[in-house]
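These notes are about the structure you will find just below.
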Amino acid sequence: MKKIKSTLFIVLFAAMSLMACSADIGREMAEQDCSKIRNNADRDQCYRDVEKTFENY
């Protein structure tokens, strides 16, 4: 029973770690896309949208 609990804990910890990493990676990709926008107003709006999208992650 202890082995099952420790294995379950490890699996849950790994899954949560991957979810956090994927949000960071997604944010970086979105910010890289924003940096390619030439129009300053549109680029600033893109960064605000990224911030709003990822504020809870």
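In this structure, Arg43 contributes its side chain and Ser35 its backbone to no donor-acceptor pair below 3.5 Å.
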Stepwise side-chain contact (heavy atoms from CB on, under 4.5 Å) test for Cys34 and Val50
CA-CA 9 Å; Cys34 290; Val50 169; 3.7 Å; yes
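Scanning all heavy atoms of the two residues, the minimum distance from Phe54 to Gly26 falls at CZ-C, 3.7 Å.
Of the inter-residue distances, the one linking Met29 atom CE with Ile25 atom CD1 reads 8.5 Å to the nearest 0.5 angstrom. The line from CD of Glu55 to CZ of Arg27 is 9.5 Å long, rounded to the nearest 0.5 Å.
Between Asp42 and the options Asn40, Asp44, Asn39, a side-chain contact (heavy atoms from CB on, under 4.5 Å) holds for only Asn39.
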